[in-house]
Amino acid sequence: MAKTRVHDLAKEYGMSSKEMLGHLADMKIPAKSASSTLEDAYVSIVRKKLKPILEARAAEIEAAKRAEEEAKAEEARIAAEQAEAERIAAEERRERERAEEERRRAAAEAERKAKEAAKAEAERKAREEAEKNRVRDNAPKSVPSFSSLLDQIAQQEEVLKRQAEEAAQKKAAEKGGRARRADGARSAGRRGPAPAPAAQPGPSAPASDDGRRRGKKGRRGGEGGEDRYSRMAREAEAYNRSRVLEEARVAVEEASRESTGRRKRRKERRQKQAEQAAEQHRIEEAIANDQDLSQLDTVRVPQGSTVGELAELLGVPANDIIKRLFLLGPPLTLTESMSDELIELVADDLGRDVKVMTKEEENSFTFYDDPADLKPRPPVVTVMGHVDHGKTSLLDAIRHTGVAEGEAGGITQAIGASQVKINGRTITFIDTPGHETFTAMRARGAKVTDIVILIVAADDGVMPQTVESTNHAKAAGVPIIVAVNKIDKPGANPDKVRQELTEYGVIPEEWGGQNMFVNISAKQKIGIDELLETVILQADVPELKANPDTFASGNVLEAKLDRGRGSVATVLVTRGTLHIGDALVAGMAYGRVRAMLDPKGNSVTEAGPSDAVEILGLQSVPMAGDEFRVFQDDRDARDLADQRALKARIEEQNRVKHVTLENLFDTMADAEVKELNLIIKADVQGSIEALQDSLDKMDQSEVRINTIHSAVGAITETDVVLADASNAIIIGFGVRPEAKARAAAERDGVEIRTYSVIYKAIEDIDAARIGMLKPTEVEVQTGTAEVRDTFKVPKVGIAAGCMVQDGEISRDDQVRLVRDGIVVYDGKIASLRRYKDDVKSVKAGFECGIGLENFQDVKPGDIIEGYRIDQVARTE
């Protein structure tokens, strides 16, 4: 039975080792320090005595947790009330600000309208005044609005042309008027002056002076008016030209600015659309692969990634990571690996969410299913237990088949799966081997199951594989149903089984535990219905569900290479539906499902959640326990399998296995090395030639001896580097390795052999070639003795009184103590006596006393087997 240390027990109860030692002292249980071990009986007493303390601490922890939760809830409520009050106050403040803004806006609008009205009135009056004072103003009143710069320039040209024509007509008219007045004056001079009246000589003179003044004034006015109109035309032309040019310049600048802004906005809009399209594509791809959308931004980083690989995965410059590593501690180069904690620290400093993936997680798949898509599925039940306790017989009773009779030695040696229907409910059973050789297979069975049926023989009790199966089930976190089998046999004691299982944490419900126990007899079919009802009852508790309307995924239970059918894999579908023709990947194997067989050997076209089927069509044989999934395109499946295979090959190549003279024969047997590379260093050239000549004369049919370098002088570091690169052994004759060379050889795993006699070197190489350095070990049985009685010897302990049945028991032999066919001790003989005399050996037919070294649990009926190990050298 396993023992428990004091500090482990204290950790289990959440107390210090000193406190636990105090409790042990109160219970009168011997324990010296925290590293002392306690027997299981003492551990049971401690658990019983400390149970009230544990419950009280649990109550205190629960009360503290409740108080903390209540305090958090109160803080959350107060924070919510404060946030609501702040929100209401902010809303009221915003309402006031909006009202004030509306008022200011209305006042500004009214003021603007008043200003516009006053300006319009002033402009109207100015126009009326100008119209009243206008004589003949040919200048344009206003410049019309133009649709474009070219229309504006053309219109301006028309206005200038029209103004020029009007000026020319005006000049021509004025010239014609002056000519007519000059002709009238000349004709009047020829006719003579008119007689003036004699009665009014005074007033007539002022009148003629006034006429002359008006004539002069009119001529000045005509000349001034002509100058004024010309000046106004020139000013209007200059004004219109400058206005047109200014407006054209402003229009060009505005068009250029708008064009540049539009290009920039179009570029930004295209970039944003591309980013949105990429994000949408990523989301659609994640939805198609049933991934959790909340984990899209999480970067999956392989365990042990280098600085360069992490920078590439995060999409940041490697210098940024190196700077942060320099601040965190010793800096690393681009090719140095980082620890998991260091990766998480750097990613957190960069504001990125990462998940460090182990080797197993890299080859696993994660899926997310909408709860609305989940539907009930059958439970997967694994039958586990010790060898020959009736696991397969129980399944025979359930399936009404005879599997156990067809297995080698009556022992299951592979994982088998089957389905049965109970009251319209389907249950998938997985039968795992119980023999200790198949520990890993039992572990795989526990990881893919929902419920474990632990079967224990009532007449045999708890055995080592029973405990191991219990640990596997607990590690998988699945409920355990105990089936106590063989209750019909004489000597069956189901209560003893229950009592023994309580020591391993499996406590019956009737005793206040959480595990259901059922008494059955697989041979007599007693209690089978009750066991199945218990399984269905246990399966209803977790509400097992899966999404059947998606691509299939699951685990490989077992795989083999069949001569007629090729690669055959037994898979358990955990989600989705597997169809014939689906392309899938399982580990490094891929292919299309060509055929599917149910556990009874019938062909099926599809397999849903919790169905176990055999599939054909994989290109290679997957490993048992590999996770598989279906891809829509077989190219994706092939690419993933090729990537995994390439990564596995690279890892295998990185693991350099250097050849030594001791492992040369095994390496040759594995067909990994076909030649032995040697580097020979000697003190003189003659020694090299003699050694090389002897090596050439050896039989090289099994392995070719290849001397890749030979030279005179000491063994240097360069020789070690060459041996490391070429996987060679260094042979030194009459020379010694330098200190640096010896350190490099130890670091790189290169073997250096030094000799002073040439035939010794030749013998070692020849012996390595034929495997003499690793002889075969053969066990030779020397004799057996039966324990008739036991007696206590002072200062020695328990001695066994034996009768030697055959052979000869020697004092120097190794011995085994066999009880009921099980080896319970393997060690040496401490004392061998006949009567009171110590003897070296005892032959068959004689009685003797045997004391075993460091072992006292000897019982009458045990068999002591003596044996020795002989080494047999290999021959050619």
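The structure displayed is predicted, hence computed values, not measured ones.
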Decide if atom CD of Q514 counts as having more than 12 heavy atoms of other residues, nucleotides or ligands within a radius under 6.0 Å. no

Answer yes or no: is there a side-chain heavy-atom contact under 4.5 Å between [X] and [Y]?
X: T550; Y: R575; answer: yes
X: I850; Y: I829; answer: yes
X: L394; Y: I398; answer: yes
X: I864; Y: V787; answer: yes
X: D459; Y: N493; answer: no

Cation-pi check, R816 onto Y825 ring (under 6.0 Å, within 45° of axis): no

In plain terms, say whether [X] and [Y] are close enough for a salt bridge, that is, a side-chain N and a carboxylate O under 4.0 Å apart.
X: E847; Y: R788; value: no
X: R565; Y: E614; value: yes
X: R868; Y: D813; value: no

Is there a side chain to side chain contact (heavy atoms under 4.5 Å, CB included) between F517 and I481 once you walk through the steps? CA-CA 6 Å; F517 281 65; I481 298 176; over 6 Å; no

Report yes or no: does [X] contribute a side-chain atom to a donor-acceptor pair with the main-chain N or O of [Y] at less than 3.5 Å?
X: K391; Y: H386; value: yes
X: D806; Y: T784; value: yes
X: S610; Y: V380; value: no
X: E500; Y: V462; value: yes
X: S553; Y: R629; value: no
X: S603; Y: L597; value: no
X: N515; Y: I480; value: yes
X: D460; Y: V456; value: no
X: T577; Y: A607; value: no

Identify each donor-acceptor pair in which a side-chain atom of residues 854-861 lies under 3.5 Å from a protein atom, sequence neighbours left out, and give them as a table.
from	atom 1	to	atom 2	distance (Å)
Q856	OE1	I798	N	2.6

Audit row: L454, T470, side chain to side chain contact (heavy atoms under 4.5 Å, CB included) steps and yes/no: CA-CA 7 Å; L454 180 64; T470 304; 3.3 Å; yes

Taking it one step at a time, do V593 and L616 satisfy side chain to side chain contact (heavy atoms under 4.5 Å, CB included)? CA-CA 6 Å; V593 180; L616 283 70; over 6 Å; no

Determine all donor-acceptor pairs shorter than 3.5 Å in which one atom belongs to a side chain in residues 16-26; sequence neighbours excluded.
from	atom 1	to	atom 2	distance (Å)
S16	OG	E19	N	3.3
E19	OE1	R57	NH2	3.4

Using the side chain to side chain contact (heavy atoms under 4.5 Å, CB included) definition, which of the options L572, V381, T570 pairs with I430? L572

The criterion is salt bridge (charged side-chain N to carboxylate O under 4.0 Å, His left out); which residues satisfy it with D789, sequence neighbours excluded?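 By the salt bridge (charged side-chain N to carboxylate O under 4.0 Å, His left out) rule, D789 matches no residue at all.
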
Report the C-alpha separation of N485 and H389 in whole Å, then their side-chain angles, then the decisive distance to 0.1 Å, and conclude whether the side-chain hydrogen bond (donor to acceptor under 3.5 Å, both in side chains) test is met. CA-CA 7 Å; N485 193 22; H389 274 202; over 6 Å; no

Are T37 and R5 close enough that a side-chain donor and a side-chain acceptor fall under 3.5 Å?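 R5 and T37 do not have a side-chain donor-acceptor pair below 3.5 Å.
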
Ignoring hydrogens and geometry beyond distance, is a side-chain donor-acceptor pair present between D826 and Y867 at under 3.5 Å? yes

